[in-house]
Peer 1: 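One structure, as structure tokens, below. Some questions next.
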Number of protein chains: 2
Amino acid sequence: MADVAKLAGVSSQTVSRVANGQSGVVESTREQVLAAMRELGYRPNSAARSLRYGRFNTLGVILFGLSSTGNSRTVEAIATQAAAAGYAITLIPVGVPTQDNVLGAFTRMGELAVDGVIVIIEVHLLDAATVALPPGVHAVVVDSDAGERYQVVDTDQADGTRQAVRHLLELGHPTVWHIAGPAESYSAERRAQAWRAVLEETGRPVPPIGRGDWSAESGYRAGLSLPDECTAVFVANDQMALGVLRALHERGRRVPEEVSVVGFDDIADASSYLPPLTTVHQDFAEVGRRCVHALLEQIGSGVAAPGTDLVPTHLVVRGSTAAHRSVS
Amino acid sequence: MADVAKLAGVSSQTVSRVANGQSGVVESTREQVLAAMRELGYRPNSAARSLRYGRFNTLGVILFGLSSTGNSRTVEAIATQAAAAGYAITLIPVGVPTQDNVLGAFTRMGELAVDGVIVIIEVHLLDAATVALPPGVHAVVVDSDAGERYQVVDTDQADGTRQAVRHLLELGHPTVWHIAGPAESYSAERRAQAWRAVLEETGRPVPPIGRGDWSAESGYRAGLSLPDECTAVFVANDQMALGVLRALHERGRRVPEEVSVVGFDDIADASSYLPPLTTVHQDFAEVGRRCVHALLEQIGSGVAAPGTDLVPTHLVVRGSTAAHRSVS
DNA sequence: GTCGGAAATGTTTGCGTAAACATGTGGGCG
DNA sequence: CGCCCACATGTTTACGCAAACATTTCCGAC
């Protein structure tokens with residue numbers, strides 16, 4: 001900056017004013033400064049800026065992985081929304097979501113150049129009081145039930161599940177089987193609980209639960225283990241549903257004629273599955289938007305407002321569900 | 001920091017030494033300082049650190065979107081690898097990859113707190129000399145042919161395509177149709193060129209090319225337009241291949257008995273498609289690793305080494321391809 | 001006892017920026 | 001014609017940290 005000032009024949013303060021587009025600089029001077037900037041390839045040093053302002057204009061995102069279905073879309077929405085507000089986002093990946101690793105990420109994050117963090121670890125470790133964010137850090141948590149201690153943005157998992165299960169029951173299926181996600185996952189647990197609740201409320205038998213790890217492959221394995229009397233399955237995400245479709249196909253059970261399948265997420269591919277998948281639509285982008293909005297508000301006001309913000313879901317009926325026909 | 005120093009009864013320099021784990025601090029003093037840090041919840045200010053050191057320990061990633069299949073996996077690998085080297089990564093999303101937007105991102109990036117950038121915009125704008133990174137910025141570009149001006153890490157698109165097309169020809173198909181990605185995409189063009197080259201080398205007729213936008217939905221539409229005489233299709237990515245499978249299914253054309261389909265990417269779901277998809281495996285994680293490695297080296301040495309680093313690909317044969325049987 | 005030297009700790013300084021304050025310069029108005 | 005004010009620009013300072021240098025302390029050797 002000093003070099004620019006010298007070349008333009010002005011003080012560094014004037015350069016600063018030009019760089020920030022402040023008024024009070026006469027046009028001819030501005031031109032000179034801009035020319036000097038171009039010539040020297042001047043670019044402001046954001047570290048110094050941050051130091052001066054005490055803010056980084058950066059948000060951190062702590063996540064377990066981008067590969068899991070919705071995360072990348074949520075992160076994308078966060079990035080877009082943050083960019084619109086003049087914030088950059090920094091990714092803090094946590095390899096394996098063990099307690100130690102998560103704690104480690106929180107610690108590192110504390111030293112990172114961020115004004116606040118969004119936590120998307122998908123694992124209900126935050127519920128345990130042993131794992132806590134450093135005090136004084138502005139944070140918004142996605143998909144957790146730590147709503148009493150943190151500001152939480154969550155998809156309305158329970159409602160989406162209810163819609164899915166009721167849809168199947170209304171089609172005349174005697175009951176609905178369930179293939180859940182990993183037990184450590186908060187979302188998986190929520191969906192499983194809601195599934196069980198609907199069955200119990202309506203007096204249906206509750207079949208044993210299947211488990212997968214969100215991957216299509218695990219869904220395939222779970223699908224192979226489904227008993228023959230099963231005529232309706234609610235699968236905890238679309239990718240596992242894809243695996244279930246394949247398993248049922250290999251076993252010669254036609255979908256939807258013999259078995260109805262419902263997924264969760266409504267990823268872009270779901271409408272191209274064979275058959276196109278009936279699934280619960282989740283608005284990842286909206287989750288991202290609300291996270292950023294809530295976090296920026298928290299940073300701006302300086303106070304956290306614990307509580308849970310639920311983003312609605314809705315069932316999208318496609319070709320993988322049909323009315324139950326009793327075995328003739 | 002000054003507060004900690006006062007509370008511990010030492011100078012701020014000693015606090016600094018403790019914070020950085022330097023030697024030359026007697027145990028009792030260290031204890032006191034650590035205690036004071038804990039009590040005050042002290043966390044070092046990374047802006048000041050960066051300002052002092054002149055480095056941010058942060059890499060920027062300029063990308064078009066995380067939704068496109070491989071990007072999220074590449075970014076994940078980048079994040080993991082960077083974290084291992086003590087670097088954080090900052091995402092710089094570019095909404096629509098127009099020239100203006102990309103230029104804008106480059107400009108913003110110049111002001112960002114990063115030591116270098118990885119560009120994953122998937123669009124061959126960088127080839128045009130009109131769009132250039134700010135001079136003096138350390139950069140590595142993914143999937144581009146700007147290898148003469150930048151350091152490029154690329155998947156061996158051409159070789160993967162050759163393997164795919166030859167595989168189909170060896171199965172006895174008279175020729176191979178192609179459904180390409182968007183014309184703006186560098187990868188799409190590379191794959192289309194390689195496909196055409198193999199057909200020409202082997203003296204096969206070159207059928208008209210189909211186009212999609214990488215989405216399953218667009219693959220579905222392209223699949224509906226395939227003529228009846230088509231017995232083998234090479235689709236530019238797995239998601240479009242999924243759409244093609246659906247289109248063929250709806251048209252009553254059996255895969256692989258009547259039509260063989262090959263995809264590209266080998267995403268996790270591909271093995272669960274109906275039928276499991278034969279596809280070209282791409283090592284996204286390796287791409288990410290090499291990017292980070294190359295970039296860190298460039299930052300360390302201060303000099304760029306333009307050139308292209310090709311990550312190999314290989315064909316994974318599954319159930320969507322079979323020997324050609326002449327129409328009887 | 002004194003001196004040298006090593007180890008522990010303190011002091012000064014500058015990284016690049018922008019706010020706050022200081023200075024200069026010109027024009028309008030009484 | 002002089003005064004004052006508005007506006008353009010310059011100077012000083014502090015942000016938090018750590019390198020470089022300065023000082024203190026303590027120990028052993030003579």
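Source: prediction; values computed, not measured. So that the names make sense, note that chain A is the first sequence line, chain B the second, and so on, each numbered from 1.
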Peer 1: Taking side chain to side chain donor-acceptor pair (under 3.5 Å) as the definition, give me every residue that meets it alongside S11(B), ordered by chain and number, with sequence neighbours left out.
Peer 2: T14(B)
Peer 1: Does anything in residues 33-45 of chain B reach DNA chain D, meaning a heavy atom under 4.0 Å, and if so which residues?
Peer 2: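 The stretch gives Y42(B), P44(B), N45(B) as the residues lying under 4.0 Å from the strand, ordered by number.
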Peer 1: For R43(A), check side chain to side chain donor-acceptor pair (under 3.5 Å) against everything at least two apart and list the hits.
Peer 2: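 None.
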Peer 1: Any heavy-atom pair between the side chains of T29(B) and V10(B) that's under 4.5 Å?
Peer 2: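 The answer is yes; the side chains approach within 4.5 Å.
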Peer 1: Does the side chain of R190(B) come under 3.5 Å of the side chain of Y186(B) through a donor N or O and an acceptor N or O?
Peer 2: yes
Peer 1: Shoot me the first and last contacting nucleotide of DNA chain C against chain B, ordered 5' to 3', at under 4.0 angstrom to non-hydrogen atoms.
Peer 2: dA8(C) to dG16(C)
Peer 1: Which pairs, with at least one residue in residues 299-310 of chain A and sequence neighbours excluded, count as a salt bridge (charged side-chain N to carboxylate O under 4.0 Å, His left out)?
Peer 2: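 Applying salt bridge (charged side-chain N to carboxylate O under 4.0 Å, His left out) to every pair that reaches into residues 299-310 of chain A, excluding sequence neighbours, yields R290(A)-D309(A).
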Peer 1: Suppose we screen for side chain to side chain contact (heavy atoms under 4.5 Å, CB included). Which residues come up paired with A48(B), at least two apart in sequence or across chains?
Peer 2: L51(A), N45(B)
Peer 1: For E76(B), which residues count as a salt bridge (Lys or Arg N to Asp or Glu O under 4.0 Å) partner, sequence neighbours excluded?
Peer 2: none
Peer 1: Which whole-number value in Å describes the distance from R55(B) CZ to dA19(D) P?
Peer 2: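 Result: 11 Å.
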Peer 1: What string of B, S and - do you get for nucleotides 4-14 of chain D, 5' to 3', when a contact is any protein heavy atom under 4.0 Å?
Peer 2: ----SBBB--B
Peer 1: List for me each residue that meets side chain to side chain donor-acceptor pair (under 3.5 Å) alongside T155(B), sequence neighbours excluded, and say none if there are none.
Peer 2: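 Result, side chain to side chain donor-acceptor pair (under 3.5 Å) vs T155(B): Q282(B).
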Peer 1: Who passes side chain to side chain donor-acceptor pair (under 3.5 Å) against T90(A), sequence neighbours left out?
Peer 2: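 Counting only residues at least two positions away or on another chain, T90(A) forms a side chain to side chain donor-acceptor pair (under 3.5 Å) with T90(B).
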Peer 1: Need the bend value for the helix from dG1(C)-dC30(D) to dG30(C)-dC1(D): angle between end axes, 5 pairs each end, nearest 10°.
Peer 2: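 Rounded to the nearest 10 degrees, the bend comes out at 60°.
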Peer 1: Just to verify, what does S185(A) make a side chain to side chain contact (heavy atoms under 4.5 Å, CB included) with, not counting sequence neighbours?
Peer 2: E122(A), P182(A), S187(A), A188(A), W214(A)
